**Student:** 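My structure is below; once you've seen it, I'll send some questions.
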Amino acid sequence: MKVRRSPWLTVAAAVLCLLAGGRQEAQAPRPNFIIIQADDLGYGDLSVNGQSRFQTPSIDRLAQGGIRFTNYYAGSTVCAPSRGALMTGLHTGHTWIRGNVAGNSLREEDRTIATVLRDAGYRTALIGKWGLGESESPGRPDRKGFEYSFGYLSQTHAHRQFTDHLYRNAQRVAAGPNEYSNDLFTRETMAFIEKADNRPFFVYLNYTVPHAELRVPDDSIEPFKGKFPETPFVNAAADARQSGPDEPSLGYRSQPAPHAAFAAMITRMDRDVGRIVDLLRARGMAERTLVTFTSDNGPHKEGGADPEFFNSSGGFRGIKRDLYEGGIRVPMIASWPGTIPAGRVSDYAAAHWDWFPTLTELAGLPAPKGLDGVSIARALRGSPQPAHEFMYWEFHERGFQQAVRMGDWKAVRLAKDKPLELYNLATDRAETTNVASKEAAIVERIEKYLATARTDSPGWPVK
């Protein structure tokens, strides 16, 4: 028997479909986010930023397809406080972690961008080096918004490029003696992206490249052997003890060809960045995924690393542990096909603490109050963006040091009782000429800001 459908039901169904379609159109899918962070990679360690001794074609292509920031800053001049600034949206005058010490941990009350995104329905992953809380601490990744984590919890453990164990979801898991940890991080990232899960994702991928120790698989180092003059680096204490692969107190191990190893580490990471981007394209995800590439601070001089040979600071003054530009100005590249115009170069001054409000805005979420960062969503799209009035850093490993950027002016204080040094970055990017004595009004304005720039922290006294 043929059943006749009422015309009213047909009309009602059509109206419901139109309404549903309208709602679907109004609620566009939230974008995916991938933040890739290298470890101690200098501004000049990418060929797109001037590196001439080796090439980084995958990261260069990322820049060609998106935007490259030339005035971008890490959260600090060493890793833990820099990473803390990125995660919490606070500069080092307000973050809980303001230096590298054993047992560093975010507190229970410290909110992170991962927590906000997870609570809004994102699936979240921390892969690689964490350094903000170990397995029994309140800063453990799963307690800070990451539903999945794999890698090093401790920054000292992350000194080893080959290790007998890593941590998956805070549980120790074995690693093979010939497994290069950064290869594992790439594999884990790609598996997470490919997971059958319709939720948008946030991946925070932290390679331990090119941080000492300078070790890399033979297939990557072979093309660079004999290409550079070499002075073998010898760590006598490490050679003498020859203990297990995870002994953090050994420092950095011997490297007979540190120049070749350094170039090989970065080019291998570059290859793997390309593999991740290619995967996004192959799976049709590229146009709904923001990919950023940056570094946690300037280049190091440990384990045989030679920032002068490679011009790793890119012509800026200083390296890791300096508050001059070479210690804190780092690469920043962002790509999002169809949203970020291709081939742009921006001189907008931004910093690690800006990503918290930026990602929340792009996800359609309100940013928490009290952040030091501002959303740079407009700058990403190539639109005019209000500038920071001030940017602030402090560092405690060499006594209390401070730095401020105000427009083109850069101030540095090397000890609590020393006068400010002042540089005009527009005319003196290498900070060679201290003009504080000629610019009393600028110094006074910055000093006035410094009086309110920070809060005291019991773990980081001013001395």
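As the structure is a computational prediction, the values presented were derived from the model and not from experiment. Along the sequence shown, the residues carry numbers beginning at 1.
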**Student:** Closer than 4.0 angstrom, basic N to acidic O: yes or no for D39 and R83?
**Tutor:**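 The answer is yes: the pair qualifies as a salt bridge.
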**Student:** Between K301 and E308, is there a salt bridge with N-O shorter than 4.0 Å?
**Tutor:**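 Yes, this pair counts.
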**Student:** Flag the pair D278 and R281 as a salt bridge only when some basic side-chain nitrogen lies within less than 4.0 angstrom of an acidic carboxylate oxygen.
**Tutor:**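 Salt bridge between D278 and R281, a charged N being under 4.0 Å from a carboxylate O: yes.
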**Student:** So that I can tick it off, tell me whether D428 and K410 are bridged by a salt bridge, with the cut-off set at under 4.0 angstrom between side-chain N and carboxylate O.
**Tutor:**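 Here K410 does not pair with D428 in a salt bridge, since their nearest N and O are not under 4.0 Å apart.
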**Student:** Run through F228, F310, F224, F309 and flag the one making a ring pair (Phe, Tyr, Trp, His ring centres under 6.0 Å) with F262.
**Tutor:**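 Checked F228, F310, F224, F309 against F262; only one passes ring pair (Phe, Tyr, Trp, His ring centres under 6.0 Å): F310.
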**Student:** Which pair of non-hydrogen atoms, one from L290 and one from A334, has the smallest distance, and what is that distance?
**Tutor:**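 Scanning both residues, the minimum pair turns out to be CD1-CB, 4.2 Å.
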**Student:** Got a sec, which residues hit salt bridge (charged side-chain N to carboxylate O under 4.0 Å, His left out) with R329, two or more places apart in sequence or on another chain?
**Tutor:**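 Testing R329 for salt bridge (charged side-chain N to carboxylate O under 4.0 Å, His left out), a comparison that skips the adjacent residues, returns E325.
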**Student:** For Y423 and R317, does a side-chain donor sit closer than 3.5 Å to a side-chain acceptor?
**Tutor:**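 Their side chains do contain a donor-acceptor pair, which is all the 3.5 Å distance test asks for.
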**Student:** Does any part of the side chain of F146, heavy atoms only, come nearer than 4.5 Å to the side chain of Y204, both counted from C-beta?
**Tutor:**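 SC-SC contact between Y204 and F146 confirmed.
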**Student:** Y167 and Y152: ring pair (Phe, Tyr, Trp, His ring centres under 6.0 Å), yes or no, with the steps?
**Tutor:** CA-CA 6 Å; Y167 289 86; Y152 300 102; 8.9 Å; no
**Student:** Spell out, as yes or no, whether a donor-acceptor pair under 3.5 Å connects the side chain of N206 to the backbone of W130.
**Tutor:**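 No; judged by distance alone, with no hydrogens or angles, the pair does not exist.
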**Student:** Counting neighbours of CD on E109 that are heavy atoms of other residues, nucleotides or ligands and sit closer than 6.0 Å, is the number greater than 12?
**Tutor:**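 Yes, because the 6.0 Å sphere around CD of E109 holds more than 12 heavy atoms from other groups.
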**Student:** Answer with yes or no whether the side chains of D322 and T77 bring together a donor and an acceptor at under 3.5 Å.
**Tutor:**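 The answer is no; no qualifying pair exists.
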